[in-house]
Amino acid sequence: MSLELNKNEKIKEQLAYLPVNSGCYLYHDKNDEIIYVGKAKNLKRRVSSYFNKHHDSAKLKVLVPKIARIEYIVTDTEIEALILESHLIKKHKPRYNILLKDDKKFPYFVITNEDYPRIIIARKSNINMAQGKYFGPYTDSRAMYTTLELMKKIFPLKQCKTPKFKDRPCMYYQIGRCLAPCQKKVSSEEYKKLIKSVELFLSGKQQELADKLLIEMKKCSETQEFEKAARYRDSYLDVTKTLERQKVVFENTNINNDIVSVSSKNGIFAVVVMQIRGGRLINRKDFSYVASILDTEEEIINFFLKDYYQRATENEIPRKILLPQKFKTESIDVYSEFLHKKFNKKVIIASVKTNKEKELLELARKNSDLFLDKLIREQKADVASNYNEIGAYLKEKLNLQRFPHRVECFDISHIQGTSTVASMVTFENGMPVKSLYRKFKVRCAEGKPDDFKSMSEVVTRRYKRLKENNLEFPDLIIIDGGKGQLSAAHSVLKELEIEDQDIVSLAKRLEEVFIPGHSKSVIIPETSLALHFFQQIRDEAHRFAITFHRALRSKSAIKSELDNIKYLRTEVKALLLQKFKSIQTITTRSQQELESVVDKKSAKKVYDFFHNN
């Protein structure tokens, strides 16, 4: 208690001396590790707000008690604080900040800074230090190299950094992939036109490029420069094919928007940007972030705006960035001002409004959902391929007696106590074994929801049977729930005199792992594959329970008092229940009202049954 009071006094003292300037704040824990970095227009007001009010955010409820020391860096403007915050997060990778999942340097197209420029692919951490004009970043390397091949076909730029031969062009010239500027086969002016065409193509202005190529083709044809005219014709046809593959989403060719969508599960966040240039959908970019399960999708988009658009080049910046939800005006103003200062270009950041924008957001959402599914599949593959390390980590971290080769996980499912069921799924070495899955109808809690009683019943039935039949027990039992569910299950094992059995529970809200006999939970890092394994087996148990529960509910929905009416067809029962929703409502309806739904004979049969009884 004295230590806690001492810590609170230190925090109060640090708060008292905070400046009112803009800047970044860094929170340290008791081990002096940086656990969170943020930015503020007014450091004193922003940081004090963490400690002066009750927070509804689950993340802040966890974060604030861990803060032992506050550090800050003052900046001249909030824009500078925004940039500094991004650098500090990448440098320190604080636990409670959102991080780009794959921290590789994304590739860019570069038009090199040479007398006769080439187009290359480069990865640079600081693009301002590189020599050349950058376009990007790009997230799909395979698509990027495909685009490069297409551009080499359309635009015969110089291919080699240094000439292959002193007195003659190389093979690229012979096959029409280079104009051989090294041998003065093309004028500087004509080559510059070609470079401008490449820039238009990479900026997404293919329609404008196609129009210019058509004009040049006609000019060359009129001056009887037929070889040049043929080259422009071929380029025009290739660009036109590219335009045909791009979906027209707006009739107005001046619309240049980015539409952002995010999907999430278990701390994995998939962000997709749909790029619309010249009214056409030209590209999709995917980004994945690792964050706490306590982070919201709004916080992810907030971080994405800083992370992606700080890296983007001028050619990638749209006129408007459309978001799936409304944001605080203050944040939008800061991001808009940052983009305006960096690129000397006004950028509107807003939520979708028109029906067309909503349709495109829905398309972006489908793409982010699919990208999230891909990330989850990759994560499952990572768990399976690294299970030796995961199992060893769990054995040490949770103080298990055995290596968890075989794990069984239980989940309870019901709606207000009705059709209560339980599921048990089995994983071996990180992989599901569906032949060993089991489902249970819970008897003790029917009509009265009681997860503790339900868990006791199911665990009793499962392990009493294993013990009586001398069957193999799992290495580890996982209970979906908190201390209460764990205590109920552990008590059953004691009553059955099952000793040396490892059992833990996983609480959903904070992904805490509880161990019998320990008051404090064990926290497994969000980025750990061990936590991902726990989440996978818990989610699979939940899915299996929900599937069984729905099946029971659909069966019970069909069973009703109508079953007591002799020779009443099943389709008639279904029609009546679909229309009137309940047996009680059917009993209050006249024969004529029933006839409006089913045939006269069936209506009379139903009416007579209820009114004669």
Side-chain angles (χ1 to χ4, degrees), residues 31 33 95 266-268 290 292-293 376 378-411 423-438 455 458-459 462-463 466-467 470-494 496-542 544:
N31 300 317
E33 181 184 344
R95 178 179 175 184
N266 290 340
I268 301 175
V290 173
S292 164
I293 57 162
I376 291 170
E378 288 173 353
Q379 186 191 79
K380 287 179 179 178
D382 284 347
V383 166
S385 60
N386 293 282
Y387 193 73
N388 284 339
E389 290 84 353
I390 292 168
Y393 173 84
L394 288 173
K395 187 175 185 299
E396 182 181 350
K397 184 81 173 177
L398 304 179
N399 197 26
L400 304 179
Q401 298 176 67
R402 296 191 299 275
F403 185 95
H405 286 292
R406 180 173 162 184
V407 182
E408 293 181 353
C409 180
F410 291 85
D411 181 46
S423 68
M424 184 207 81
V425 299
T426 304
F427 276 46
E428 288 185 353
N429 294 321
M431 293 291 287
V433 184
K434 296 195 175 184
S435 61
L436 298 177
Y437 285 17
R438 297 291 181 268
M455 189 61 75
V458 172
V459 173
R462 170 64 178 167
Y463 296 112
L466 291 189
K467 187 175 181 181
N470 198 27
L471 297 173
E472 185 183 357
F473 278 74
D475 298 302
L476 175 64
I477 300 168
I478 298 176
I479 304 297
D480 180 21
K483 290 181 182 178
Q485 285 92 334
L486 176 63
S487 178
H490 190 236
S491 296
V492 167
L493 296 178
K494 281 184 177 178
L496 294 173
E497 296 181 348
I498 298 170
E499 298 177 356
D500 301 328
Q501 175 62 57
D502 286 319
I503 181 170
V504 299
S505 71
L506 179 64
K508 174 74 175 173
R509 192 174 74 89
L510 299 176
E511 305 289 47
E512 300 170 285
V513 179
F514 290 98
I515 303 172
H518 293 74
S519 58
K520 288 187 177 181
S521 63
V522 176
I523 302 294
I524 300 175
E526 284 92 348
T527 55
S528 167
L529 284 176
L531 180 61
H532 296 164
F533 168 66
F534 266 47
Q535 289 168 337
Q536 279 175 31
I537 195 169
R538 187 265 317 278
D539 290 348
E540 179 65 358
H542 186 62
F544 193 50

Salt-bridge criterion met for R462 and E408 (N-O under 4.0 Å): yes

Among all residues two or more places apart in sequence or in another chain, which pass the ring pair (Phe, Tyr, Trp, His ring centres under 6.0 Å) test with Y463? F410, F473

Side chain proximity check, H532 to D382, heavy atoms < 4.5 angstrom: no

Measure across I268 and I376 and return the closest heavy-atom pair with its distance rounded to 0.1 Å. CD1-CG1, 4.4 Å

Identify all side-chain donor-acceptor contacts of residues 477-491 below 3.5 Å with residues at least two apart in sequence or on another chain.
{"residue": "K483", "atom": "NZ", "partner": "S519", "partner atom": "O", "Å": "2.8"}
{"residue": "Q485", "atom": "OE1", "partner": "G482", "partner atom": "N", "Å": "3.2"}
{"residue": "S491", "atom": "OG", "partner": "S487", "partner atom": "O", "Å": "2.8"}

When you measure from the side chain of T426 to the backbone of V433, do you find a donor-acceptor pair of N or O atoms at a distance under 3.5 Å? no

Taking the side chain as every heavy atom from C-beta outward, state whether E512 and V522 have any pair of such atoms under 4.5 Å apart. no

Could you tell me which non-hydrogen atom of I390 sits nearest to which non-hydrogen atom of A530, and how far apart they are? CG2-CA, 3.8 Å

Minimum side-chain heavy-atom gap K380-M431 below 4.5 Å: no

Taking all non-hydrogen atoms of both residues, which atom of V513 and which atom of L398 are closest, and how far apart? CG1-CD2, 3.8 Å

Which pair of non-hydrogen atoms, one from F544 and one from R438, has the smallest distance, and what is that distance? CE2-O, 3.4 Å

For F403 and A392 the tightest heavy-atom approach is CE1-N, 3.3 Å

In the structure I gave you, are the side-chain heavy atoms of F534 and S528 within less than 4.5 Å of one another anywhere? no

Within-4.5 Å side-chain heavy-atom neighbours: P474 and V407: no

Taking the side chain as C-beta and beyond, is there a heavy-atom pair between D411 and R538 under 4.5 Å? no

Test of understanding: with salt bridge (charged side-chain N to carboxylate O under 4.0 Å, His left out), list the residues that count as partners of R402, not counting sequence neighbours. D475

